[in-house]
**Q** 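Dropping the structure in here first, questions after.
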There are 2 protein chains.
Amino acid sequence: MRFIARNQTVLLYGASLAVLLLIMKWLEWHVLVIEHSFEVYAGAIALLFTALGIWLANKLTRAKSTTIIVEKQVLVKTKDFVLNEAEVVRLGLTKREMEVLQAMADGLSNQEIAERLFLSLNTIKTHSSKVFEKLEVQRRTHAVDKARKLNIIP
Amino acid sequence: MRFIARNQTVLLYGASLAVLLLIMKWLEWHVLVIEHSFEVYAGAIALLFTALGIWLANKLTRAKSTTIIVEKQVLVKTKDFVLNEAEVVRLGLTKREMEVLQAMADGLSNQEIAERLFLSLNTIKTHSSKVFEKLEVQRRTHAVDKARKLNIIP
DNA sequence: GTTAAAATCATACTAAAGTATGAGGCTGAA
DNA sequence: TTCAGCCTCATACTTTAGTATGATTTTAAC
């Protein structure tokens with residue numbers, strides 16, 4: 001059975017040929033008794049088997065596929081903000097200092113930051129001073145601007 | 001000439017058939033005088049034209065091209081700052097006030113802004129106070145944050 | 001369990017920022 | 001030209017920010 005399956009096409013081909021020849025023989029004896037019948041048959045066979053060949057080619061040959069890869073450019077907005085952790089580490093900014101820095105960037109006063117973080121005003125002052133030292137600035141506005149440029153706050 | 005060019009394949013096909021028939025006729029008369037010669041010829045023609053068909057199919061069928069569109073992500077620096085002039089007008093911010101606001105956003109102190117714009121410290125204070133009024137804030141940091149959110153500074 | 005860094009808070013101070021008010025000069029539109 | 005809006009600057013003041021220093025407590029690492 002596996003033989004038949006594997007050679008299906010070949011068998012089919014042979015069978016087609018045999019059947020065709022039988023049909024032609026039958027026609028030769030019983031119907032067509034004309035001049036140049038051989039040429040007519042030959043032409044018919046040629047046409048038929050050309051068609052068969054074409055069909056076979058399409059059936060058997062692997063689709064000639066040319067894979068055209070077209071790169072479609074998709075504009076992706078740069079993630080507005082990806083924290084530059086390396087920079088944070090390099091500057092030695094602590095967690096609390098980052099929180100204070102972020103709050104400053106939000107435009108809060110030291111008093112407001114103290115309230116937000118449940119700390120005293122003096123503590124905020126200490127933290128912010130540390131932040132300024134590490135960022136090498138003197139003012140919160142400058143600190144915020146620099147921090148933004150260093151991608152350590154949004 | 002154009003006719004020939006256009007029908008090259010058809011002409012070639014017809015010519016092949018004609019030549020083949022001539023060869024066979026010649027063979028029939030001069031060499032092969034065997035039993036069942038018709039069947040042999042028929043088989044030969046079948047084989048030949050099947051081959052021709054396959055060849056034709058391969059020659060004629062256009063390569064099936066698969067176009068694969070690959071989306072290539074291109075990171076675009078979202079230079080997405082377009083000054084919201086409408087907002088500037090709505091808030092009634094003047095040219096000078098905008099300059100001062102911009103300088104504040106750059107982290108400059110009032111003194112530095114005065115130097116940059118060749119103005120006195122007091123003038124800067126006046127301008128900044130006006131800006132705070134119009135933006136309804138009390139501090140420069142808050143003003144900068146709000147201005148950024150309103151797209152009136154980068 | 002010692003130790004260093006981080007976090008908290010305080011006091012005392014200086015510097016800068018912000019407010020309030022007024023005034024003079026300039027400019028463009030009615 | 002007059003008048004409103006803008007720009008400039010000043011004085012006087014209050015508030016907030018920032019610095020310096022020191023102390024105690026947490027936290028995490030060794």
Side-chain angles (χ1 to χ4, degrees), chain A residues 83-150 152-153, chain B residues 83-150 152-153:
Chain A
L83 191 134
N84 186 347
E85 287 184 72
E87 197 61 32
V88 175
V89 172
R90 192 182 71 78
L91 295 168
L93 286 165
T94 69
K95 202 171 171 183
R96 260 307 195 221
E97 284 159 2
M98 284 298 289
E99 289 177 314
V100 173
L101 179 58
Q102 179 57 66
M104 288 195 307
D106 291 342
L108 303 187
S109 67
N110 285 339
Q111 186 58 56
E112 287 166 337
I113 298 172
E115 281 158 19
R116 177 194 275 195
L117 302 178
F118 304 105
L119 298 174
S120 82
L121 174 60
N122 284 314
T123 304
I124 302 305
K125 285 188 174 185
T126 305
H127 284 314
S128 54
S129 275
K130 283 266 180 188
V131 170
F132 301 154
E133 266 181 45
K134 292 176 180 177
L135 282 175
E136 297 175 290
V137 295
Q138 287 73 44
R139 284 171 298 285
R140 64 214 285 103
T141 45
H142 196 181
V144 169
D145 185 57
K146 194 161 185 178
R148 240 185 263 278
K149 283 171 180 159
L150 291 172
I152 60 182
I153 52 168
Chain B
L83 191 135
N84 188 346
E85 287 185 70
E87 197 63 31
V88 176
V89 172
R90 192 182 71 77
L91 295 169
L93 287 165
T94 69
K95 204 172 169 183
R96 260 308 194 220
E97 284 160 4
M98 284 298 288
E99 288 177 314
V100 173
L101 179 57
Q102 181 56 66
M104 288 195 307
D106 291 341
L108 302 188
S109 66
N110 285 340
Q111 186 58 55
E112 288 166 337
I113 298 172
E115 282 158 18
R116 175 193 277 196
L117 301 179
F118 305 104
L119 297 174
S120 82
L121 174 60
N122 284 313
T123 304
I124 302 305
K125 284 188 177 185
T126 305
H127 284 313
S128 55
S129 275
K130 282 266 180 185
V131 170
F132 301 155
E133 265 181 46
K134 291 176 180 178
L135 282 174
E136 297 175 292
V137 297
Q138 287 73 44
R139 285 169 297 285
R140 63 215 286 101
T141 45
H142 196 181
V144 169
D145 186 56
K146 194 162 185 178
R148 242 185 261 278
K149 283 172 180 160
L150 291 173
I152 60 182
I153 52 168

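The chains referred to below are lettered A, B, ... by the order of the sequence lines, with proteins before strands, and numbering in each begins at 1. Just so it is clear, the model here is predicted, and its values are computed rather than measured.
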**Q** If you compare all heavy atoms of A:Ile152 against all heavy atoms of A:Leu91, which two are closest, and at what distance to 0.1 Å?
**A**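 It is CD1-CD1, 4.1 Å.
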**Q** Taking any heavy-atom pair under 4.0 Å as a contact, classify B:Gln138: base, sugar-phosphate, or nothing.
**A**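 It contacts sugar-phosphate atoms only.
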**Q** Take the C1' atoms of the five end pairs on each side of the helix from C:dG1-D:dC30 to C:dA30-D:dT1, get both axes, and report the angle to 10 degrees.
**A**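 The two end axes of the helix from C:dG1-D:dC30 to C:dA30-D:dT1 meet at 50°.
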**Q** If you take all heavy atoms of A:Ala105 and B:Asp145, which pair is closest and at what distance?
**A**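 Scanning both residues, the minimum pair turns out to be O-OD1, 3.3 Å.
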**Q** Can you list the steps and then say if A:His127 with A:Thr94 is a side-chain contact (heavy atoms from CB on, under 4.5 Å)?
**A** CA-CA 9 Å; A:His127 284 314; A:Thr94 69; 5.5 Å; no
**Q** Looking at side-chain heavy atoms only, is the closest gap between B:Asp106 and B:Arg116 below 4.5 Å?
**A**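 A side-chain contact exists here, since the closest heavy-atom pair is under 4.5 Å.
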**Q** Quick test of your reading of the model: are B:Lys130 and B:Glu133 salt-bridged, counting only N-O distances below 4.0 Å?
**A**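 So B:Lys130 does not pair with B:Glu133 through a salt bridge.
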**Q** Starting at the 5' end of DNA chain D, which residue's closest nucleotide do you reach first, B:Lys134 or B:Thr141?
**A**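 Looking at DNA chain D, the more 5' nearest nucleotide goes with B:Lys134.
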**Q** So where does chain B start and stop touching DNA chain D, 5' to 3', when the test is distance under 4.0 Å to a non-hydrogen atom?
**A**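 It runs D:dC6 to D:dA17.
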**Q** Less than 4.5 Å apart, any side-chain heavy atom of A:Leu117 and any of A:Arg96?
**A**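 They are in contact (side-chain heavy atoms under 4.5 Å apart), so the answer is yes.
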**Q** Report yes if the side chains of A:Asn110 and A:Lys125 come closer than 4.5 Å at any heavy-atom pair, otherwise no.
**A**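 Yes; the side chains approach each other to less than 4.5 Å.
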**Q** Any side-chain heavy atom of A:Leu135 sitting closer than 4.5 Å to one from A:Leu150?
**A**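 Result yes, sub-4.5 Å side-chain heavy-atom pair found.
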**Q** Once you round to the nearest 0.5 Å, how far does CD of A:Glu115 lie from OG of A:Ser120?
**A**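 It is 11.5 Å, given to the nearest 0.5 Å.
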**Q** Could you pull out all residues at least two apart from B:Lys95 that satisfy salt bridge (charged side-chain N to carboxylate O under 4.0 Å, His left out)?
**A**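 B:Lys95 satisfies salt bridge (charged side-chain N to carboxylate O under 4.0 Å, His left out) with no residue once adjacent residues are dropped.
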**Q** Please tell me if the side chains of A:Ile153 and A:Val144 come closer than 4.5 Å, counting only heavy atoms from C-beta onward.
**A**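 Result yes, sub-4.5 Å side-chain heavy-atom pair found.
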**Q** Closer than 4.0 angstrom, basic N to acidic O: yes or no for B:Glu87 and B:Arg90?
**A**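 Counted as a salt bridge, because a side-chain N and a carboxylate O are separated by less than 4.0 Å.
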**Q** How would nucleotides 25-30 of chain C be written as a contact map, 5' to 3', with B for base contact, S for sugar-phosphate-only contact and - for no contact, using protein heavy atoms under 4.0 Å?
**A** ------
**Q** Quick one: does A:Ser129's side chain have a donor or acceptor within less than 3.5 Å of a partner on A:Thr126's backbone?
**A**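 Not a single qualifying donor-acceptor pair exists.
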**Q** Among residues 106-130 of chain B, which contact DNA chain C at a heavy-atom distance under 4.0 Å?
**A**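 B:Ser109, B:Asn110, B:Lys125, B:Ser129 - these, ordered by number, are the residues of the stretch whose heavy atoms sit under 4.0 Å from the strand.
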**Q** Do B:Glu112 and A:Arg139 have side-chain heavy atoms sitting under 4.5 Å apart?
**A**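 SC-SC contact between B:Glu112 and A:Arg139 confirmed.
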**Q** Mind checking whether A:Arg148 and B:Arg148 have side chains closer than 4.5 Å, heavy atoms only?
**A**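 Yes, at least one pair of side-chain atoms sits under 4.5 Å.
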**Q** Without decimals, in angstroms, what is the distance between B:His142 NE2 and C:dG18 P?
**A**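 Value for this atom pair: 13 Å.
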**Q** Pull out every residue in residues 87-95 of chain A that has a heavy atom closer than 4.0 Å to any atom of DNA chain C, ordered by number, or say none.
**A**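 Correct list: A:Thr94, A:Lys95.
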**Q** May I ask you to verify if any side-chain N or O of A:Arg139 is less than 4.0 angstrom from the OP1 or OP2 atom of C:dA16?
**A**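 Negative; the distance criterion is not met.
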